[in-house]
Colleague: 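The following block contains the structure, expressed as structure tokens.
Each chain gets a letter, A, B and so on, in the order its sequence line appears, and its residues count up from 1. Only heavy atoms go into these numbers, but all of them, side chains included; no hydrogens, no water, no symmetry mates.
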There are 2 protein chains.
Amino acid sequence: MSLRHAILVLLQDQEASGYDLAREFANSIGLVWNATHQQIYLELGKLNEQHMVSYRHVPQEGKPDKKLYQLTDEGRAELIRWLKKPAGPARIRDAFMVKVAGGQLADTQSLLSELEQLAKQRRERLATFEALAKRLDDEGLEDNLYNYLTVRRGILDQRAWLQWAEEVRQTLEHASVGSATS
Amino acid sequence: MSLRHAILVLLQDQEASGYDLAREFANSIGLVWNATHQQIYLELGKLNEQHMVSYRHVPQEGKPDKKLYQLTDEGRAELIRWLKKPAGPARIRDAFMVKVAGGQLADTQSLLSELEQLAKQRRERLATFEALAKRLDDEGLEDNLYNYLTVRRGILDQRAWLQWAEEVRQTLEHASVGSATS
DNA sequence: AGTGCTTATACAACGGATTGCGCAGCGCTT
DNA sequence: AAGCGCTGCGCAATCCGTTGTATAAGCACT
């Protein structure tokens, strides 16, 4: 029930279009809360009706017009109210992990190749986050404290995942050498 | 769309009742895929209709009767089919992280106390997982390989989170000393 | 005696989320 | 010239998920 609050948090720093938000949900914030563009446009509509956000229409050439949304005082008040309440428990749906848990019935090779593919994505993300963390650090942490901490979470998460992936790789390669050498 | 497959994975090892599964979803598997009991009972009903699982009725005294479900050949086949397809992207909804991202507007002290509360839970989980990993190791990894790897994921995840929490604690305590000493 | 937890299953209602479709034009590649 | 991908918005249907409620009995605590 707090996609709305994730949006309000994003709008706290800068005004943005639905499309901008969708991109942020696909990258940075997406690691913590994901949403598709349909969901976002719908929620922006509701937030607007409830006077939590307002928008100005920006005509563009070559591209479709856009609506730049910003927080209203009421939106900011709602956000502050929400921040005071304890957060609900985190929910995850990680299909790959379910596959690992059921690994006995799976083909080890295809599991390993999927693992490698995911590891590649994680390495890229890690690089992005490390660059971003450095930039925020250079700009001065005082102004970017919470962004910095969020990015740090991303970094530690990627590293932990990659470390685990390395363990899995070694374990499964040994196991497959030991049992099923074609 | 793969709560069903998570259930099939759990039933792969042993027959279980809906209630048993609900407990597993609240603990081990819940870190990777969460579901409530209503969802589970509903899905078991559907899986039964589709002949992916079967059950035997077990009368009990003092407690309500239960249905012990097990995988059918068709269920196992479906699971194998699913394991071959690449897994969909992981989805997360972590409200606390959204709160951290919006931390500028929050009360630092209440954020820190919520952090400490979550850290406590994570430490407990970590201890449980470490004990479980040790037990699986003692029993022989060959038989428990995929369970072991899943538990390892849990361990590394808890450690990474706790490390981050420590960073946050230090950062925010310094910051609040620097700026807002009551 | 009353309250609340545990075991065990299940329905109903609502709201949130995913999927599919549609419009519209620009720029790049094949 | 056709196809693809990006920017940008949006509706509709359906599916998934959460919350509330119900039943039923035993056990522990107050």
Colleague: Please output the side-chain donor-acceptor pairs of residues 147-156 of chain B that fall under 3.5 Å, not counting sequence neighbours, one pair per line with the distance.
Modeller:
residue: B/Thr150; atom: OG1; partner: B/Tyr146; partner atom: O; Å: 2.7
residue: B/Arg152; atom: NE; partner: A/Glu167; partner atom: OE1; Å: 2.8
residue: B/Arg152; atom: NH2; partner: A/Glu167; partner atom: OE2; Å: 2.6

Colleague: Can you tell which of C/dT9, C/dA17, D/dG8 lies closest to the side chain of B/Lys66?
Modeller: C/dT9

Colleague: So what does A/Arg4 touch, heavy atoms closer than 4.0 Å: a base, only the sugar-phosphate, or nothing?
Modeller: nothing

Colleague: Would you name the heavy atoms of A/His5 and A/Leu79 that are closest together and state the gap between them?
Modeller: O-CD1, 4.0 Å

Colleague: Grab the NZ-P distance between A/Lys67 and D/dG10 for me, whole Å please.
Modeller: 3 Å

Colleague: Report the distance from atom CD1 of A/Ile7 to atom P of C/dA17, rounded to the nearest whole Å.
Modeller: 10 Å

Colleague: How is the base pairing of DNA chain C summarised as a dot-bracket string, given the Watson-Crick and G-U wobble criteria with both distances under 3.5 Å, [ ] for crossing and | for another strand?
Modeller: ||||||||||||||||||||||||||||||

Colleague: What nucleotide among C/dT9, D/dC16, D/dG10 has an atom nearest to a side-chain atom of A/Tyr69?
Modeller: D/dG10

Colleague: Is a donor on one side and an acceptor on the other found under 3.5 Å between the side chain of B/Ser110 and the backbone of B/Ala106?
Modeller: no

Colleague: Could you tell me whether A/Arg169 and A/Glu166 make a salt bridge, using a distance below 4.0 angstrom between a side-chain N and a carboxylate O?
Modeller: yes

Colleague: Quick one: list whatever passes side-chain hydrogen bond (donor to acceptor under 3.5 Å, both in side chains) with B/Glu114, sequence neighbours left out.
Modeller: B/Lys99

Colleague: Return the residues of residues 17-26 of chain A meeting this criterion: a heavy atom under 4.0 Å from some atom of DNA chain D. Order them by number, or give none.
Modeller: A/Ser17, A/Gly18, A/Tyr19

Colleague: What is the distance, rounded to the nearest whole Å, between atom CG of B/Asn34 and atom P of C/dA17?
Modeller: 13 Å

Colleague: Quick one: B/Asp65 CG to D/dA25 C1', roughly how many Å, whole number?
Modeller: 11 Å

Colleague: Does the side chain of A/Gln60 get closer than 4.0 angstrom to OP1 or OP2 of D/dG8 through an N or O atom?
Modeller: yes

Colleague: For B/Tyr69, enumerate each residue passing the ring pair (Phe, Tyr, Trp, His ring centres under 6.0 Å) test, keeping only those at least two apart in sequence or located in another chain.
Modeller: B/Tyr55

Colleague: Can you confirm whether more than 12 heavy atoms, excluding those of B/Asp73, are under 6.0 Å from its CG atom?
Modeller: no

Colleague: Quick check: do B/Arg81 and B/Lys85 have side-chain heavy atoms less than 4.5 Å from each other?
Modeller: no

Colleague: Between A/Thr36 and A/Lys63, which has a closest nucleotide on DNA chain C that is more 5'?
Modeller: A/Thr36

Colleague: If you define the side chain from C-beta out and look only at heavy atoms, does anything of B/Val100 sit under 4.5 Å from B/Val168?
Modeller: no

Colleague: Is there side-chain contact between B/Arg91 and B/Trp33, with heavy atoms separated by less than 4.5 Å?
Modeller: yes

Colleague: So, do A/Pro86 and B/Phe96 sit near enough that their side-chain heavy atoms are less than 4.5 Å apart?
Modeller: no

Colleague: Just the table, please: protein N/O against nucleotides 11-14 of chain C N/O, every pair under 3.5 Å.
Modeller:
none

Colleague: Tell me the interatomic distance from B/Leu44, atom CG, to C/dA8, atom P, rounded to whole angstroms.
Modeller: 14 Å

Colleague: Send over the distance from A/Leu3 CG to D/dG17 C1', rounded to a whole Å.
Modeller: 15 Å

Colleague: Whole-Å distance between D/dC9 P and A/Glu43 CD?
Modeller: 16 Å

Colleague: Look at the side-chain N and O atoms of B/Arg91 and state whether any lies under 4.0 Å from the OP1 or OP2 oxygen of C/dA17.
Modeller: no

Colleague: Side chain of B/Pro64 only, please: which of D/dC9, D/dA24, C/dG16 is the nearest?
Modeller: D/dA24

Colleague: How many whole angstroms separate atom CD of B/Gln39 from atom C1' of D/dT19?
Modeller: 12 Å

Colleague: Hey, which of these two, A/His37 or B/Ala35, hits DNA chain D nearer its 5' end, going by closest nucleotide?
Modeller: A/His37

Colleague: Could you tell me which non-hydrogen atom of A/Asp65 sits nearest to which non-hydrogen atom of A/Pro59, and how far apart they are?
Modeller: OD1-CA, 3.4 Å

Colleague: Is any side-chain nitrogen or oxygen of B/Tyr41 closer than 4.0 Å to OP1 or OP2 of C/dA10?
Modeller: no

